[in-house]
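The structure under discussion appears below in the form of structure tokens.
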Amino acid sequence: MASLMQEFAEARKRRLQERADFLVDSQLASEARQEEIQNRSNQMSQHLQDLCIARTEQAIEDSAQRAQDVRTRTFKTRSLLKHIHRVRIRTSQADSILRQQIEADRLATAEADREQRQQFEADRLATAEADREQRQQQVQERAALTQMQLEDLTKTRLANATFEAQQRLEVESSRRADAQEQALQLSAFRSNLRDSVWGTSSSSVGASQAPAKISAESSPDISKKSSTTLKTKVAAQTQELLVIKPVAAKPLVEVKQTVKEISKEAPKTFGRIEQFVVDYVAQLSTNSSLLEVVNDRDTVRDLLAQGANTLKVDPSDILNTLLQMAEGSAK
């Protein structure tokens with residue numbers, strides 16, 4: 001126990017000695033640092049004084065140099081301004097001369113443009129006059145073509161009406177003959193039946209012959225009446241077709257108006273006819289347009305014949321539709 005306390009006392013002495021040594025070393029280091037700081041402060045003060053003196057001298061030299069530069073720049077600027085003024089004077093004179101030349105060129109160009117416009121206007125008027133004459137010629141040609149087509153159509157309709165009247169007369173005659181033959185057969189059958197039941201009688205024979213006579217006597221009246229009716233219808237159709245000729249002699253504008261009115265009255269028929277015309281023109285090997293088809297007389301005639309047979313309509317309706325479609329494609 002005594003040795004342990006002795007060791008604690010020795011350890012405490014050593015710690016106290018080490019602390020005293022540390023304090024001495026710290027004091028010495030502090031004094032060394034203060035001395036070093038003092039030396040650095042003296043050196044910095046000396047350096048700052050030297051630097052201030054150098055900057056003052058440099059500022060004096062820079063101020064003198066700047067003054068010299070200002071005087072030099074002022075002299076150069078005055079010289080440059082004088083030169084620019086002289087150049088501006090010369091440039092203004094040159095610009096004045098150039099503006100006068102440009103004005104003269106502009107006046108000459110305006111005069112040339114005016115003459116060119118006058119020439120162009122004259123050429124345009126001449127071209128318009130030539131186009132007007134050409135259009136007038138085309139209108140006359142189309143009017144003549146339309147008149148020819150209507151004349152051909154009139155002849156075709158007259159021929160068709162005559163042929164149909166003849167067919168109707170033949171059919172009516174055949175019907176009358178069939179009716180007369182049936183009446184005779186019926187009379188003979190009645191006579192045979194009466195003879196087989198009641199025996200032969202002259203009165204029955206006379207009675208049996210009466211219907212045959214009546215039918216024979218009435219048949220001329222019927223034939224005359226039907227013949228008269230057919231002749232009346234043919235005359236009326238002929239008169240209607242003949243009325244078309246003065247219409248063809250009218251201007252093309254009235255023909256076009258008539259075509260438009262007809263197309264409004266029968267829109268369904270017009271649609272069928274228009275589709276037929278489109279199909280007919282499409283199947284042509286010449287790839288002709290509607291105007292070329294209208295100007296081709298043989299093609300128009302073939303178109304009217306096929307359309308009348310296929311659609312069972314009047315050829316004049318097909319012609320009116322064709323003219324209206326050609327007018328629409330030409331716009």
Side-chain angles (χ1 to χ4, degrees), residues 55-147 249-261 263-264 274 277-278 281-282 284-297 299-300 321-331:
R55 291 184 66 181
T56 303
E57 294 176 355
Q58 185 65 34
I60 294 172
E61 292 178 358
D62 291 340
S63 177
Q65 183 66 32
R66 283 196 297 272
Q68 182 64 31
D69 292 340
V70 168
R71 288 192 294 271
T72 304
R73 283 198 301 272
T74 303
F75 177 76
K76 290 182 178 180
T77 303
R78 289 178 180 176
S79 301
L80 182 60
L81 289 174
K82 290 180 181 180
H83 177 70
I84 291 173
H85 182 67
R86 289 193 295 268
V87 170
R88 284 182 176 177
I89 292 174
R90 290 194 297 268
T91 304
S92 63
Q93 293 176 354
D95 291 340
S96 178
I97 296 172
L98 181 61
R99 282 196 298 271
Q100 293 177 359
Q101 184 66 31
I102 291 173
E103 185 66 20
D105 294 339
R106 189 181 65 80
L107 292 176
T109 304
E111 183 65 23
D113 290 341
R114 187 180 63 80
E115 294 178 357
Q116 186 176 4
R117 283 195 299 271
Q118 290 179 354
Q119 183 66 30
F120 177 75
E121 186 68 19
D123 296 339
R124 189 180 65 80
L125 291 175
T127 304
E129 183 65 23
D131 291 341
R132 187 184 64 79
E133 293 178 357
Q134 184 178 3
R135 286 194 298 272
Q136 186 177 2
Q137 182 67 25
Q138 290 177 355
V139 170
Q140 293 177 358
E141 291 177 357
R142 290 184 64 182
L145 177 62
T146 304
Q147 184 176 359
K250 293 181 180 181
L252 188 60
V253 177
E254 296 183 3
V255 176
K256 293 178 181 178
Q257 292 177 353
T258 305
V259 171
K260 292 181 179 179
E261 293 176 357
S263 64
K264 290 180 180 178
E274 184 177 10
V277 171
V278 172
V281 174
L284 291 176
S285 59
T286 56
N287 295 327
S288 302
S289 62
L290 286 175
L291 291 177
E292 294 175 350
V293 170
V294 170
N295 292 328
D296 190 350
R297 184 175 180 181
T299 305
V300 172
T321 303
L322 178 62
L323 293 176
Q324 187 174 358
M325 294 173 64
E327 178 188 0
S329 64
K331 289 182 179 181

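Below, all heavy atoms of this structure are taken into account, side chains as well, without hydrogens, waters or symmetry copies.
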Does a donor on one side chain and an acceptor on the other come within less than 3.5 Å for Gln68 and Arg71? yes
Reported [atom1]-to-[atom2] distance for the pair [X] and [Y], which is rounded to 0.5 angstrom:
X: Ile89; Y: Arg86; atom1: CD1; atom2: CZ; value: 9.0 Å
X: Leu98; Y: Thr91; atom1: CG; atom2: OG1; value: 11.5 Å
X: Asp69; Y: Thr74; atom1: CG; atom2: OG1; value: 10.0 Å
X: Gln65; Y: Thr72; atom1: CD; atom2: OG1; value: 8.0 Å
X: Arg66; Y: Arg73; atom1: CZ; atom2: CZ; value: 10.0 Å
X: Gln100; Y: Ile102; atom1: CD; atom2: CD1; value: 10.5 Å

Is the count of non-hydrogen atoms from other residues, nucleotides or ligands lying under 6.0 Å from Glu129 atom CD greater than 12? yes
Counting heavy atoms not belonging to Arg78, are there more than 12 under 6.0 Å from its CZ? no
Short question: side chain of Ser92, backbone of Arg88 - any donor-acceptor pair under 3.5 Å? yes
Would you say Ser63's side chain and Ala59's backbone share a donor-acceptor pair under 3.5 angstrom? no
Nearest non-hydrogen partners of Leu145 and Val294, listed with the distance: CD2-O, 2.7 Å
Considering all heavy atoms of both residues, which atom of Val300 and which atom of Val293 are nearest to each other, and what is their separation? CG2-O, 3.0 Å
Which residue, Gln134, Arg135, Glu141, Glu133, forms the side-chain contact (heavy atoms from CB on, under 4.5 Å) with Gln137? Glu141
Side-chain contact test, heavy atoms from C-beta onward, threshold under 4.5 Å: evaluate it for Thr299 versus Leu284 and give yes or no. yes
